[in-house]
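What follows is a set of notes on a single structure, which appears directly below.
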Amino acid sequence: MLALVACGSGAAPHPVADHAAGSAIVMPAAPKGPYRAEPGEFANGDVQVRVEWPDVPTVARAPQGRTRCGTAAAPDVAPTTTWGVPDAIVAIDTDHGKPPADPAARVAVADCAIAPRVIVAGAAITIASDVDHPLALSLARAGDAAPLAAGSATVAALAIELPIAGHAVVAPLAAGTLDLLGGSDVEPAWIVAAAQPYVAITEASGQVVLRDVPVGSFTVEALVPPRAGQPARSGRATVAVAANALAEVTVQVR
């Protein structure tokens with residue numbers, strides 16, 4: 001296990017060592033190319049993806065008690081009245097289009113929870129503390145897709161120490177993997193290290209729009225990450241993208 005303590009009073013985050021070797025889930029497979037990133041170089045449209053989980057079990061929607069900070073713990077799933085699922089990972093696996101994005105992704109720990117609960121990152125993730133006491137966290141690479149769907153434990157954990165509020169560390173990520181960040185005193189968060197640009201997280205409405213998707217017919221994948229009381233849920237659907245148009249698709253997960 002590797003670890004780094006963020007020390008000193010500077011605001012700049014400190015790098016940590018990479019993960020140990022371990023199996024990983026790809027979400028989805030990296031595209032084969034060629035990439036054509038310049039605007040106007042290929043016909044494209046937008047895709048609005050809605051993720052639904054019909055009849056989410058009551059136990060998954062129920063509040064999960066209280067955290068060690070005394071705050072209300074979030075339910076495993078918080079669907080809309082029409083079963084739209086927020087914080088679901090959606091992806092369109094296409095072998096052409098703009099190159100993978102590398103956003104400056106950041107999560108913060110406060111009130112015994114990590115926010116956001118699910119995030120898309122590039123080659124690294126910044127992890128910051130907003131609490132006034134030391135934090136011990138771990139960043140773990142998820143296992144293979146089949147065990148993950150069954151709610152298996154993660155592997156290849158990386159220890160992260162945050163001594164006081166205002167400190168941050170930068171943890172490198174492997175493209176195309178799904179990682180779990182958590183600790184004994186905090187609710188965990190899932191981090192998607194995107195291997196291509198068409199990966200996003202659904203909003204409170206259970207929907208998200210993927211921009212500038214190449215024209216064609218594609219498979220849309222959706223994954224609701226596992227929580228303490230629920231295994232992962234996944235689904236897929238097909239969407240036809242037309243030039244300069246908005247295509248709408250609903251993916252049901254089970």
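Positions are given from 1, in the same order as the sequence printed here. Only heavy atoms go into these numbers, but all of them, side chains included; no hydrogens, no water, no symmetry mates.
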Set of residues satisfying salt bridge (Lys or Arg N to Asp or Glu O under 4.0 Å) with respect to D130, sequence neighbours excluded = none
Go through the structure and list residues passing salt bridge (Lys or Arg N to Asp or Glu O under 4.0 Å) with R236, not counting sequence neighbours.
-> E221
Could you give me the CA-CA distance, side-chain angles and deciding distance for L223 and L178, then say whether side-chain contact (heavy atoms from CB on, under 4.5 Å) is met?
-> CA-CA 11 Å; L223 176 72; L178 185 62; 3.8 Å; yes
CG on L139 to CG on L181, rounded to 0.5 Å | 5.5 Å
If every non-hydrogen atom of A194 is compared with every non-hydrogen atom of V120, which pair is closest and at what distance?
-> CB-CG1, 3.8 Å
Donor-acceptor pairs under 3.5 Å, side chain of residues 106-116 to any protein atom, not counting sequence neighbours: which ones?
none

Spacing of CD belonging to Q48 relative to CG belonging to L246, to within rounding of 0.5 Å | 5.5 Å
Separation of S138 OG from I160 CD1 (nearest 0.5 Å) | 8.0 Å
Decide side-chain contact (heavy atoms from CB on, under 4.5 Å) for Q252 and W53; before the verdict, give the C-alpha distance in whole Å, the side-chain angles of both, and the deciding distance to 0.1 Å.
-> CA-CA 6 Å; Q252 289 194 348; W53 181 356; over 6 Å; no
The side-chain hydrogen bond (donor to acceptor under 3.5 Å, both in side chains) partners of R61 (sequence neighbours excluded) come to T58
Look up atom CD in Q196 and atom OG1 in T94, then write down how far apart they are to the nearest 0.5 Å.
-> 8.0 Å
Heavy atoms only: give me the nearest T126-A168 pair and the separation to one decimal.
-> CG2-CB, 4.0 Å
Is there side-chain contact between V241 and I92, with at least one heavy-atom pair below 4.5 Å?
-> no
Validation row: R254, P54 side chains within 4.5 angstrom (heavy atoms) | yes
Y198 side chain to R211 main-chain N or O, any donor-acceptor pair under 3.5 Å?
-> no
For residues A247 and A240, report the shortest heavy-atom separation together with the two atoms involved.
-> CB-O, 3.5 Å
Hits for side-chain hydrogen bond (donor to acceptor under 3.5 Å, both in side chains) against T219, two or more places apart or cross-chain, chain-then-number order -> none
Decide yes or no for D179 and W190: does some side-chain heavy atom of the first lie under 4.5 Å from some side-chain heavy atom of the second?
-> no
Please collect all salt bridge (charged side-chain N to carboxylate O under 4.0 Å, His left out) contacts where either partner lies in residues 181-198, sequence neighbours excluded, each pair once.
-> R68-D185
Looking at residues at least two apart in the chain, or sitting in another chain, which of them share a salt bridge (Lys or Arg N to Asp or Glu O under 4.0 Å) with E52?
-> R50
4.5 Å side-chain heavy-atom contact, F218 and D93 | no
Exercise: identify the closest heavy-atom pair between P79 and P86 = CA-CD, 4.2 Å
Residues forming a side-chain hydrogen bond (donor to acceptor under 3.5 Å, both in side chains) with T238, sequence neighbours excluded | none
Tell me which donor-acceptor pairs under 3.5 Å the side chains of residues 199-210 have, and how far apart each pair is, sequence neighbours excluded?
| unit_1 | atom_1 | unit_2 | atom_2 | d |
| --- | --- | --- | --- | --- |
| T202 | OG1 | V85 | O | 2.7 |
| T202 | OG1 | D87 | N | 3.1 |
| T202 | OG1 | A88 | N | 2.9 |
| S205 | OG | Q207 | N | 3.3 |

Minimum-distance pair of heavy atoms, taken over all atoms of I89 and P225 = CD1-CG, 3.9 Å
Please examine the side chains of L162 and V169, heavy atoms only from C-beta on, and report whether any two atoms are closer than 4.5 Å.
-> yes
Considering residues at least two apart in sequence or located in another chain, which fulfil the side-chain contact (heavy atoms from CB on, under 4.5 Å) criterion with A237?
-> V249, V251
Do I125 and L173 have side-chain heavy atoms sitting under 4.5 Å apart?
-> yes
Shortest non-hydrogen pair, V51 vs A222, comes out as CG2-CB, 3.9 Å
